[in-house]
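Written below as structure tokens is the structure these notes are about.
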Amino acid sequence: MQTFVVVAVALSVVCLAESSGLAGGLGRTKNATPQTQRLVDSVRDEIIGQLPLGYDREQPLRLTAVSYRDQVVAGVNYFIKVETGFNRFIHVRIYKDLRGGASVTSVQLEKSLADPIEYF
């Protein structure tokens, strides 16, 4: 009986973690917050460094966080939809380690407001 209870509790925890975005699964899409924008701002130079030469270079590049999903790992991966101006969007993956350091791990170009944020 004890084994059954332990297994049932373990399965419940796994199901709850998967549905809430914990334990490696992507969380639900949320509207960007001021904290999300600060995260984008903190790695702005890294994001620009991963964009192709000439990408919106004719004016100062605007990077406005629109929405995001997160993934808890050994730290947190943030998958963020970012508007770059003129109704153009990119998806940026930012890893924030347990000490609070952040770095850009990937950028996807040619996204739209309607494109869902998915793992990349």
Side-chain angles (χ1 to χ4, degrees):
M1 184 65 176
Q2 285 181 325
T3 303
F4 175 75
V5 171
V6 169
V7 170
V9 169
L11 286 174
S12 298
V13 168
V14 168
C15 290
L16 179 61
E18 298 250 338
S19 68
S20 66
L22 300 175
L26 278 181
R28 63 179 175 78
T29 301
K30 303 171 213 153
N31 290 330
T33 64
Q35 293 86 355
T36 312
Q37 184 62 52
R38 281 194 292 275
L39 181 60
V40 169
D41 293 343
S42 74
V43 294
R44 177 183 175 80
D45 291 341
E46 284 186 63
I47 294 170
I48 291 172
Q50 290 199 24
L51 298 175
L53 286 177
Y55 187 94
D56 282 349
R57 298 286 190 216
E58 63 274 2
Q59 83 283 331
L61 187 62
R62 185 178 81 190
L63 297 175
T64 305
V66 176
S67 57
Y68 73 100
R69 295 178 75 182
D70 53 15
Q71 176 190 37
V72 176
V73 289
V76 181
N77 284 319
Y78 292 92
F79 298 82
I80 306 171
K81 182 184 299 285
V82 176
E83 183 174 6
T84 60
F86 302 107
N87 205 30
R88 291 177 66 176
F89 297 87
I90 59 175
H91 288 177
V92 179
R93 180 176 168 181
I94 301 171
Y95 172 69
K96 190 169 183 181
D97 64 35
L98 296 173
R99 296 178 185 218
S103 61
V104 175
T105 56
S106 187
V107 174
Q108 291 185 328
L109 304 173
E110 300 181 14
K111 295 296 182 175
S112 72
L113 183 60
D115 287 332
I117 301 171
E118 297 175 338
Y119 183 90
F120 60 95

For the residue pair [X] and [Y], what are the closest heavy atoms and their distance?
X	Y	value
Arg99	Asp97	N-OD1, 2.9 Å
Ser67	Thr29	CB-CG2, 4.0 Å
Glu46	Val104	OE1-N, 3.0 Å
Asn77	Arg93	ND2-NH2, 3.3 Å
Thr36	Ala65	CG2-CB, 4.0 Å

Exercise: do Glu83 and Asn87 side chains pair donor with acceptor under 3.5 Å = no

To the nearest 0.5 Å, how far apart are OG1 in Thr33 and OH in Tyr68?
-> 5.0 Å

About how many Å separate CZ of Arg88 and CG of Leu61, when rounded to the nearest 0.5 Å?
-> 9.0 Å

Output, in order, the C-alpha distance, side-chain angles, deciding distance and verdict of side chain to side chain contact (heavy atoms under 4.5 Å, CB included) for Gln50 and Val92.
-> CA-CA 10 Å; Gln50 290 199 24; Val92 179; over 6 Å; no

Between Glu118, Lys81, Arg69, which is the residue that forms a side-chain hydrogen bond (donor to acceptor under 3.5 Å, both in side chains) with His91?
-> Lys81

Transitive ILVMFWY cluster of Val73, excluding itself - 4.5 Å side-chain cut-off | Tyr95

Can you check side chain to side chain contact (heavy atoms under 4.5 Å, CB included) on Gln35 and Leu39, steps first, answer last?
-> CA-CA 6 Å; Gln35 293 86 355; Leu39 181 60; over 6 Å; no

Quick check: is [Y] connected to [X] through a chain of hydrophobic side chains (ILVMFWY, heavy atoms under 4.5 Å apart)?
X	Y	answer
Leu63	Ile94	yes
Leu113	Val82	no
Ile117	Tyr119	yes
Ile80	Leu51	yes

State, yes or no, whether a side-chain contact exists between Val66 and Phe89 at a heavy-atom distance under 4.5 Å.
-> yes

Taking the side chain as every heavy atom from C-beta outward, state whether Gln71 and Leu26 have any pair of such atoms under 4.5 Å apart.
-> yes

